[in-house]
Each structure stands twice: as C-alpha cells, then as structure tokens.
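Numbers restart at 1 for each chain; the letters A, B, ... are given by sequence-line order, proteins then strands. Nothing here was measured: the structure is a model prediction, and the numbers come from that model. Quick note: numbers below take in every heavy atom, side chains included, and nothing from hydrogens, waters or symmetry partners.
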2 protein chains.
Amino acid sequence: MSKHLTKRAEDYSKWYNELIVKADLAETSAVRGCMVIKPYGFAIWEKMQAELDRMFKETGHQNAYFPLFVPKSLFEAEEKNAEGFAKECAVVTHYRLQSDPDKEGKLRVDPDAKLEEELVVRPTSEAIIWNTYKGWIQSHRDLPLLINQWANVVRWEMRTRLFLRTAEFLWQEGHTAHATKDEALFEAKQMQEVYATFAEEFMAMPVVRGAKSESERFAGADATYTIEALMQDGKALQAGTSHFLGQNFAKAFDVKYTSREGKQEYVWATSWGVSTRLIGGLIMTHSDDAGLVLPPKLAPIQVVIVPIYKGEDQLNAIYDKMSGLISEFKSRGISVKFDDRDTMRPGAKFAEYELKGVPVRVAIGNRDLENGTAEVARRDTFEKQTVQQDQLVEHITGLLEDIQENLYKKALDFRADHITEVNSFEEFKDVIENKGGFVSAHWDGTIETEDKIKELTKATIRCIPNDVEDEDGKCVLTGASSPRRVLFAKAY
Amino acid sequence: MSKHLTKRAEDYSKWYNELIVKADLAETSAVRGCMVIKPYGFAIWEKMQAELDRMFKETGHQNAYFPLFVPKSLFEAEEKNAEGFAKECAVVTHYRLQSDPDKEGKLRVDPDAKLEEELVVRPTSEAIIWNTYKGWIQSHRDLPLLINQWANVVRWEMRTRLFLRTAEFLWQEGHTAHATKDEALFEAKQMQEVYATFAEEFMAMPVVRGAKSESERFAGADATYTIEALMQDGKALQAGTSHFLGQNFAKAFDVKYTSREGKQEYVWATSWGVSTRLIGGLIMTHSDDAGLVLPPKLAPIQVVIVPIYKGEDQLNAIYDKMSGLISEFKSRGISVKFDDRDTMRPGAKFAEYELKGVPVRVAIGNRDLENGTAEVARRDTFEKQTVQQDQLVEHITGLLEDIQENLYKKALDFRADHITEVNSFEEFKDVIENKGGFVSAHWDGTIETEDKIKELTKATIRCIPNDVEDEDGKCVLTGASSPRRVLFAKAY
C-alpha cells in the first residue's frame, strides 16, 4: 500500500478506510464482514473500556458474563425483539465436523451432529439474560439489579465498514431490572448521560442527547435514548443508546417480584450499549489529511520523543538527558515512548506519529543538548515550540490538557455551524444535499412522513433533543401541525 | 436451595457444585454446557485478568482482537490442529431466521440463507490468527510478533462442569511469531513461568512446571509446557499451558520472513492460554466445608465490617468510628465493605461472608465502641482477635499478607504430602486408588504404556517435571528402561 493518504475532500470514505489500515488500527479479515482489531486500535478500545467501566461501577453496576448462544426458543420469546434481529443473525446448527478428512482434505460437517434446537449467536443479550433474571428476582429486595457485560456480538449485516458496522463487534451491554417504571426511566436516562459525558470529556466528541422516534427505536423498547455525534463530512453517527424496555421482557420471560405490599408485579427493565463503533466516531471527529488525531485522554501513546542523532554516543547523550524526564512523565500517568529505532530517519518517524495521531512529539538533537532545550510539536495544530528541558514535563502536562480542550472546542464549533433550522422542504433538501449536518425541522409526528422524507432525501430523524423547546410549527413535508422541532440528518 | 453445604468428605463433587451456586459465583444456563458467571465470580476473573494482563504487558505483549469465526477452509489448514478440535466445534451454517413466525410463533431458519462456507466458532484461534499474520510478517524487522487476545471460545464438550469444563469459556490466548527456534522456545517457557508465578503468588496455588508427553500435547504443537496443580481431593488440574508450535502453522499458512541475510525462512511460533478454569482450581485449592476461601490478592472484598447494633443511633455511632478507617483501607488499595443491611442478623452475615470467602471480617458492637476495640476474624483459620481500633488498619494490612502466605504454605504442605515415589505397579495402583495425588514413577516412554496405565488406573501422565533429575530406572508397568521419573495422577 502506498504511503500517500487520500485527502478527505477527494473521497471521505476512502480516506477513512485508508487511514484505519495505514495507522494500524484494524483491517478486514478472512471472515465476511468481520475485522481484526490490531494492537494500536485495540489499545484505544482498552482505554475506552477502562473509563467506561469505571463510570459504570461508580453508578453501582457490576460486571457478569452470559452465554454467547441463545437457544432459538428463547430468542423468539419477545416478539418485537426477535423480529428485529431475526434477519441478521448467525445460526449454529451442528456441533461437530467429521474428523477424518475426505480425499480433498476437507472436513465435512457431521450430519449426525445436528443440534435438536438451533442456537442463535447473540446479536444482543436481552433474551438469554432475562431468562436468567427470572431465577434471580423474587422479592423487591433483589431489586434493582444492575449488571453490565463486556462481550462480542454478531449481526449479519450486508454492508459492512471497519468499526462502524461489522458482522462481529465488541461492546458492552447493560441490563437492569427495577421495581418501578420511574426507577427504570431514571436509569435509562442516567446511562444516556454517562455515555454523553464519556463522549464529550474523553473522546472530545460533542453529542446531542435525545430520544429516538418510534421507527428508530430498539426492537423491543418503549423508548430509546441516544447520543448523536456529527462527523466531519456532515453525516451523523449514533454513538450510544440506552433503552427503556418497559415490562416487555419481564412479561415475555415471566419475571415478577413480590412488592413490599406482598403483591406480585412484573419488573421494569433497561438496556444500554456502546461498541467499537465509537472508534469510528473518534476517527471521523478529529482526524485530518495527515492522519489520525487522538484526544490525549484516549491516546495509547501521549508523548513520543524522537532523538536526532549521529552515532551511538549522541544517542546515549540524548537518552541520558531524557531518561529522568521519561520517569517523571510516567509518574504523572503520562504514557511516553522514546523512539530510538535506527532503521528510520527522523522525518519518517515524524510522519509516522502524525499518521498515528500521537498528541505531542518531542524532538531533541545535538544543538538542543547544548542549549538545554527540546522542540515540542502538537499534533492538532502542528504548532512547534522550543522549550527548556527543565520545563518540559510541566509544559507538556499543560499542553495535553490544551489539546484535549481544543479538540472538543473545534468539534463543538463545527457542530454549531452544522445545525441548521429550516422551515420549508426546499430548504430542508438544500441543506441536506449541499451543506450536511443536522437539520432542525418541524415534523408532523407520523411514521409515514418520516419514511417519505427518508425516501426523498436519505435523511432520518436522529432524535428529538432532550433540551428542545416547545414551538408550534408546521411539518416541513406535510404542513400539518407540529409541537416542536426534531433533528434530521443523513447518518452512518 | 437449602443453606446447608455438603461436606467435602461426603461428596467432593457435590460440595464443589453447591459451593459455586451458594457463593454466587456461577450457575448453569439454558444453553447446554454453558454457564452464567455471576457478578461475584466475575469479579474474581476481573482480578485475575488485571494481574495477568499486567504480566503479559511487562513481558512485551500487546492485546488485539481476531474474529470469533473461522472459515472451515482455514480451520482445516493445519491438519493435526483441525483433527484435534473437529469433534467438538460449534458450526454456523446459516445467517438468517425467517422473521415472520409460523402458526406456533416459531421463527424457522431461513433455508435461503445458507452460508457458502461453514464457519467454525473458534475453539482456539491459531488458524484465523496465522492466516492474518501472513499479511503482517515480511521481514525479520516484523519479528518477534508478541500478541495476546482476551476472548471467548467454544468447545462442544459432552461432559461439562462449572468453570472446569464448559462448552463456552473465557480465556486469553497468546500467539507469537519468532525468527528462530530458540527464541520461540524461550518464549514458550517464559510464559509457562509467568503462569506459574501468577498461580503461586496470586492464587496461592503451588504448581509443578513440566512438559506434556506426546499424547497429551496440544493438537498442532511440537511441545506443550504445563503448570499442574493439585486439588484437595487428590486430583490434578492442568491450570495453564504454553505451546511451542515449531513451524507447523507457519507452513500451513505459508508465513515466511526475509532474514538479515536475505533468505526466505518460515517463522517459529508459540501459543499459550489460561482460562476461567483457574477459578475452579482456586476453589478446589483452598475452600472448606464452611464455603469459599479466597486468597486476599484475588478477593473482590478483602475486608468486611459488620456492625452489631440496636437501632439507628448505635449504627450511626459505629459508622462514624469506622468511616475514617474505611477511607484509610481504600487509600491502601484494600477493598472494604461496610454491611449495614438491616434485613439480616449479624450471625447470618457472618455465615454469608464465610461462604463467600471474604478473608477478614471485622465485627464491632456497643461494648467495642466503649473500649475502642473491634473483633477481627480471619477466614482461613477462623481465629478471632480483639484489636484496638487505632491499630486496625495496620493490623489487617499485615493479616492479609499472612493469610496469603498461609494459604500458599498450606497448599504446598498438602502437595508435598501427596507426591509419592513408587517403584512397582502394585504401589502405583494403591497410591492412585487410595491416597491420590501425584505419583512419581518410571515410564518407558511409549504411548502404548501410557494408554495401558490410563486404562488400568485412570491416571495420566501430568508432566515430565522441568526440574526432574536423570535417574536410571525401570518402567512400573513394563519394566523397560527409563531415564527419569514422570508425574502421574488422576486429573480433572
């Protein structure tokens, strides 16, 4: 593959795919629609996991693990959920290959090892989990039940894209049970806010908090709360969802509890998830034509030191100067790499770290040694500065905070420029086609209108924002009355 | 389920299963052979993962993620490996259910959605990973490649047991590629030592380090290094294995590199794994008739404080005294729980924490408040001691170390008592049948003898210990000459 990275303006989609491969984040695999997450990409996921896991535990959740497979009879139990996922699920039908290969060295599936009941590879775990919860919940004292699972799931999507939509993906799925409707609603909204906080504070990715329209809800949910981000190409990305499931699963799996008053009641449920899709969102929020741009809080390497030297002696002299600083960085929890590879010139290293989005690069050569200085470059703005070595740790600690803030601010400004209020369908189409971003428009509240708009423009209702104000208006398509604006966009 | 826990002497196997369920570690699921790992059990796994992951990274490994599915044509590529796992693998044949239910509400598998090539749910990932490594390795500069994956795998075992043998289990699998045979051998042995260190220092479970006989090797390996632990019932447990794979997978997947000298060479490989089976080993190494006994380094709750009070005022007074200590524990990284549930008497709480293996219990009542004391009980020996409150944190910090050491020493003494040298087959049978444990015996080195001994006694060769000394002897079964003793045992 050539070193050249396609420019975003040339072909955004091509840029995205090339960047992922060139920056060593992931690649396609021999399995249709499944990806290999390479170490550098996985290190970002590990950082995301660590923060999210901490936030889940702080809000009282515990981790557990449920089976990968869902027996078909359980899968069917909640009808809407089953119908929603039936069309895209991998099904295990046999439990053995014949171990003696045929003449061509092939191992055939053993026809005698057909399962009595097929197993669905979990596309989501409500069914297997609610079947389990039935045994865990008897009394109001067993509630709330606040559980999360980190797992792989499989959805046999026809059109896949690295990170954004893959047949297998990694995610977490929270599944909670509550005594009352209010508690479950509170939980679903709380987890939406946890996701929004994570997106904004760690990913530096602003999100709109809102509710999905009925046709965009999770199959089996009474309400779906979403966080919607805006990518650089003007398309929206659903970055995380939290579902209020009502009593749908409790009824499907007959999960009741004895209330304080001694009555048998169905429990109330939520589920919520974010996935490796977030990495796609991270890439498309910040990166540029030189490569990846990572917010310091999620960067596997936050600072790279590139020595510029001729011969071992100079290299050793530079390392001697830097080794104390490296320890100081580490004691502050800042990850730092000293790149002493002798197989690559400094310029090539600079390009590599730009491609990989390392937030801060320090270059130090012979003249710097004499002057007690180093050259510090930030990835987000490419600005360079000469800094005294004894101020380096302090300076870079502050710089990492600046970069984190700057990335968020830049993305927030971009989004502010790309939320457009429109009051006619002509305007609607014009903005969707030519400018992109979110369109804030009145809608008559019907699925028919939503479908028609999608058909005409490819834009969908991303959400009814949480903070939207009531405003009487007329639907942009039908002119029927509308109590508030909703956000439309083309989406990933 | 009754509160009574079966005694080990009555029925060890029943005790084991009951303990797992009563202590809230895991339970069977609706999927044949698959378990649900409950939050308390999963918290132990998380602690294991954290330590192992740290040790892997310290030895230069990075995490990545590869697909769950292995296309059958790749699965077949390394013949021995394929034959070894073909008989127990789950196979995906279809990618869709029909989303319109039939009259009985059933969703049938859609016959039009048959995969062109079946997908094997990974029983281990060598095939999919080596197919990927082919693209990653060109030059000696790409080596060594040191990668680990945390994942779920599926082996369709006919007889399953919670933690010890389940159809789906969680594990980590390391897969490394090296330029030379020596480097790969070093890596395989290094990871065996990492596992042994983890078992001994964290699980307080002594292990024998050794090599597997040919018939007990991993399918596709040239050598398998193992750590073998001894359970309380005298059976051995294979707790972790590290495989030297030679060039078998490199040849099957055509993975070559250009050496410094410009020659094309096949690379050398290792793979190594430990799984949730370790939790089974942990249980069977330390626990007793009162329940679980956990080594402090892996206990999700290390210290529990049980207030003994009448009414809110006394509870508040106790909490006020303890809250400072709780913060002190936390700042030392000691996990502590203050159990103020008013739905349970102190005695019932004591029994619950004994069942759950919490290493240290602190009880504090009204008289303690007056005297400035607390009662400290350790789980391993049931010893109780009155301790001044101002010495509590210091005392318990030391106590946790003592308990960790004591558990290891006790297990080590037990093992020392259960390694028996025998020099005749009569003795061999007698020890295996009546005493249990490891039997150190001469063996003529043939698979036939190994099989015959297994048939007659159910004992298998657990390993040829790393530290075994050369000693001329005669095989206990055939009398043929033998250069050294090997360890036999009945095993899980």
By a 4.5 Å heavy-atom criterion (distance strictly below it), what part of Lys57(B) contacts chain A: side chain, backbone, both, or neither? side chain

Out of Gln98(B), Glu88(B), Arg96(B), Glu118(B), return the one with the most heavy atom pairs under 4.5 angstrom to chain A. Arg96(B)

Verdict with supporting geometry, Asn152(B) and Tyr65(A), side-chain contact (heavy atoms from CB on, under 4.5 Å): CA-CA 10 Å; Asn152(B) 54 344; Tyr65(A) 189 76; 3.2 Å; yes

Determine whether more than 12 heavy atoms belonging to other residues, nucleotides or ligands lie under 6.0 Å from atom CD of Glu79(A). no

Audit row: Gln149(A), Phe42(B), side-chain contact (heavy atoms from CB on, under 4.5 Å) steps and yes/no: CA-CA 10 Å; Gln149(A) 162 171 276; Phe42(B) 200 80; over 6 Å; no

Using 0.5 Å steps for rounding, measure from the CD atom of Glu116(A) to the CZ atom of Arg32(B). 10.5 Å

Exercise: identify the closest heavy-atom pair between Pro67(A) and Glu168(B): CA-OE1, 3.4 Å

Per-residue contact mode, Ser29(A) against chain B (heavy atom under 4.5 angstrom): side chain

Structural part of Arg141(A) lying under 4.5 Å from a heavy atom of chain B: side chain

Side chain, backbone, both or neither of Leu68(A) within contact of chain B (heavy atoms, under 4.5 Å): both

Can you tell which part of Phe85(A) gets under 4.5 Å to a heavy atom of chain B, answering side chain, backbone, both or neither? neither

To check you understand the geometry: which heavy-atom pair defines the closest contact between Ala64(B) and Ile37(A), and what is its length? CB-O, 3.3 Å

Is a donor on one side and an acceptor on the other found under 3.5 Å between the side chain of Lys87(A) and the backbone of Leu97(B)? no

Part of Asn63(B) lying under 4.5 Å from any heavy atom of chain A: both

Is the CZ atom of Arg345(A) crowded by more than 12 outside heavy atoms at less than 6.0 Å? no

Looking at Val109(B), Ile129(B), Val70(B), which makes the most heavy-atom pairs under 4.5 Å with chain A? Val109(B)

Non-hydrogen atoms of chain B under 4.5 Å away: do they reach the side chain of Thr343(A), the backbone, both or neither? side chain

Candidate pair Tyr95(A) and Glu157(B), rule side chain to side chain donor-acceptor pair (under 3.5 Å), full reasoning: CA-CA 10 Å; Tyr95(A) 58 85; Glu157(B) 307 268 5; over 6 Å; no

At a heavy-atom separation under 4.5 Å, does Ile128(B) approach chain A through its side chain, its backbone, both, or neither? side chain

Using the side chain to side chain contact (heavy atoms under 4.5 Å, CB included) rule, pick out the option among Val121(B), Val31(B), Val92(B) that qualifies with Leu119(A). Val31(B)

Less than 4.5 Å to any heavy atom of chain A: does that hold for the side chain of Trp45(B), its backbone, both, or neither? neither

Of all heavy-atom pairs linking Asn131(A) and Ala30(B), the shortest is ND2-CB, 3.4 Å

Contacting region of Asp53(B) [heavy-atom separation from chain A under 4.5 Å]: side chain

Go through the atoms of Leu107(A) and report whether side chain, backbone, both or neither lie under 4.5 Å from a heavy atom of chain B. both

Check the pair Trp150(A), Glu46(B) against side chain to side chain donor-acceptor pair (under 3.5 Å), reporting the backbone distance first and the verdict last. CA-CA 11 Å; Trp150(A) 291 96; Glu46(B) 286 182 298; 5.8 Å; no

In sequence, state the C-alpha distance, the side-chain angles, and the governing distance for Trp136(B) and Val36(A), and then conclude on side-chain contact (heavy atoms from CB on, under 4.5 Å). CA-CA 12 Å; Trp136(B) 293 3; Val36(A) 171; 3.8 Å; yes

Please look at Leu170(A) and chain B and tell me whether the side chain, the backbone, both or neither of the residue comes under 4.5 angstrom of a heavy atom of that chain. side chain

Given the options Glu117(B), Gln62(B), Lys72(B), Met35(B), which has more heavy-atom pairs under 4.5 Å with chain A than any of the others? Lys72(B)

Ignoring hydrogens and angles, tell me if any N or O in the side chain of Glu76(B) forms a donor-acceptor pair with the backbone of Lys106(A) under 3.5 Å. no

Quick check on Glu27(A) against chain B: is it the side chain, the backbone, both or neither that has a heavy atom closer than 4.5 Å? side chain

Residue part contacting chain B, namely of Lys38(A), when any heavy atom lies under 4.5 Å: both

Who among Cys34(B), Ala90(B), Ala167(B) has the most heavy-atom pairs with chain A under 4.5 Å? Ala90(B)

